[in-house]
Enquirer: 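Once you've had a glance at the structure underneath, I'll fire off some questions.
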Amino acid sequence: TSVEHRVTLEQVHLDYIAAGAEIITANTFASSRLMLEPAGLGDRVTELNQAAVEAALSARERSGNTGVVVAGSLSHMAPVISGTDRSLAKYEDASVLSEAFHELAGLLKSGGCDFILLEMMSHPQCIPLAVAAAKATGLPVWVGFSARRDEDSGKLTSYSQVHLPFEEAMAAVNPEDVDVVGLMHTNATLIAPGLDLLRKRFSCPLLVYPDSGHFKMPNWQFENILTPEEFSDYARTWVDSGVQIVGGCCGLSPEHIEAIRPLGG
């Protein structure tokens, strides 16, 4: 957890800052009550999330770079029924989801995060609840959608619901409720078509932070990872197309961030 591995977590943040990262994200992606309670950690929700935020803030202070911005990550990730993509039944209750999102969003604000980053948004029934919780903090709200390609139709779909058109996930967000939108945890080859769809609905700044490799229980598989040079080439095309914020998700390292450092001007 962020408590037991605090030293390592803080060092990871420092490594990315040293590589040129101007935004670091607190390790809170999977630490809402939806995830912690089934793991027997429900009584540590506040402790674990505060520790994660403190690690990011401490890394910023230790780096001496006061311009670094700390994002508080909030996702709609919940335990799933084995062999399916369906959340456990008790978490399909909108009130349970909303309470968990508001709790975590509040902890991220009180902990000192500069904005709320809604990561891996892909379930239309959950997205509005997450947006509402983030917006209630009064902090800026950034949304990272995740997509994949349906092998049958060839169309872009929701990452976690492979037969749901990506446009339906986007439609769950009111453009007036968010400050930045983009694509995250999405293969680099799918970023350009995803951006085309996002531009049709949103006029706010755009962000991109793709993944590389794939997940196979219980760990991320670092296979066929983009080289830093390949990532830089992709990033240049995204920046040239008008993307303002570029970073990396699963499978990408400080070396990848360092490779795109010149693009920041």
Side-chain angles (χ1 to χ4, degrees), residues 29-30 73 75-78 80-87 117-128 130-131 142-173 175 178 180-253 256 259-260:
F29 173 83
S73 174
S75 76
H76 51 54
M77 185 176 182
V80 298
I81 301 170
S82 180
T84 77
D85 66 352
R86 286 177 55 78
S87 297
L117 177 58
L118 302 180
E119 293 198 287
M120 212 170 173
M121 295 291 104
S122 56
H123 280 277
Q125 62 270 40
C126 299
I127 294 173
V131 171
W142 295 18
V143 177
F145 294 100
S146 294
R148 67 174 68 192
R149 191 180 297 283
D150 187 324
E151 297 299 330
D152 296 327
S153 68
K155 295 183 178 180
L156 209 62
T157 67
S158 161
Y159 186 89
S160 58
Q161 295 178 301
V162 295
H163 298 300
L164 180 77
F166 184 64
E167 294 90 330
E168 291 190 29
M170 292 191 327
V173 174
V178 296
V180 174
V181 298
L183 288 148
M184 58 91 54
H185 197 68
T186 297
N187 189 279
T189 61
L190 304 180
I191 297 296
L195 288 172
D196 289 342
L197 294 173
L198 286 172
R199 289 189 181 98
K200 293 178 180 179
R201 181 169 177 79
F202 300 95
S203 58
C204 57
L206 296 170
L207 68 87
V208 165
Y209 53 117
D211 62 14
S212 191
H214 66 278
F215 184 78
K216 182 178 180 181
M217 287 292 287
N219 299 310
W220 189 261
Q221 306 301 309
F222 293 86
E223 298 175 2
N224 300 316
I225 299 293
L226 289 171
T227 66
E229 293 74 22
E230 290 170 333
F231 178 55
S232 178
D233 289 342
Y234 272 114
R236 188 174 299 279
T237 66
W238 301 329
V239 171
D240 289 346
S241 75
V243 171
Q244 292 94 333
I245 304 152
V246 180
C249 194
C250 302
L252 301 184
S253 67
H256 291 83
I260 63 172

Enquirer: When you compare the side chain of Y209 with that of E119, does any pair of heavy atoms fall below 4.5 Å?
Expert: yes
Enquirer: For V173 and R201, which heavy atoms make the closest approach, and how far apart are they?
Expert: O-NH2, 2.8 Å
Enquirer: Nearest 0.5 Å please: distance from the CG atom of D211 over to the CG atom of L190.
Expert: 9.0 Å
Enquirer: Scan the side chains in residues 235-251 for donor-acceptor partners under 3.5 Å anywhere in the protein, sequence neighbours excluded, and list what turns up.
Expert:
{"from": "T237", "atom 1": "OG1", "to": "Y234", "atom 2": "O", "distance (Å)": "2.5"}
{"from": "S241", "atom 1": "OG", "to": "R199", "atom 2": "NH2", "distance (Å)": "3.0"}
{"from": "S241", "atom 1": "OG", "to": "W238", "atom 2": "O", "distance (Å)": "2.7"}
{"from": "Q244", "atom 1": "OE1", "to": "L206", "atom 2": "N", "distance (Å)": "2.9"}

Enquirer: Look at the aromatic rings of F215 and W220 and report parallel, tilted or perpendicular, splitting at 30° and 60°.
Expert: tilted
Enquirer: Check whether any side-chain N or O of Q221 sits under 3.5 Å from a backbone N or O of K216 as a donor-acceptor pair, and report yes or no.
Expert: yes
Enquirer: For the CD1 atom of I191 and the CG atom of L183, what is their distance to the nearest 0.5 Å?
Expert: 4.5 Å
Enquirer: For a quick test of reading the model, state the closest non-hydrogen atom pair linking S122 to S160 and the distance between them.
Expert: OG-OG, 2.6 Å
Enquirer: Kindly compute the distance separating CD (E167) from CG (L156), expressed to the nearest 0.5 Å.
Expert: 7.5 Å
Enquirer: When you measure from the side chain of H76 to the backbone N and O of H123, does any donor-acceptor pair fall under 3.5 Å?
Expert: yes
Enquirer: Between the side chain of T186 and the main-chain N/O of S146, is any donor-acceptor distance below 3.5 Å?
Expert: no
Enquirer: Any idea which heavy atoms bring A188 and L226 closest together, and the distance?
Expert: CB-CD1, 3.9 Å
Enquirer: To the nearest 0.5 Å, what is the distance between OG (S75) and CE (M120)?
Expert: 8.5 Å
Enquirer: Which atom pair, heavy atoms only, marks the closest approach of I225 to E230?
Expert: O-OE1, 4.3 Å
Enquirer: Quick check: closest heavy atoms across P210 and L252, and the distance to 0.1 Å?
Expert: O-CD1, 3.4 Å
Enquirer: Between R149 and G154, which heavy-atom pair has the shortest distance, and what is it?
Expert: NH1-O, 2.6 Å
Enquirer: I need the L197 CG to F145 CZ distance, nearest 0.5 Å.
Expert: 11.0 Å
Enquirer: Report the distance from atom CD of Q161 to atom CZ of R148, rounding to the nearest 0.5 Å.
Expert: 11.0 Å
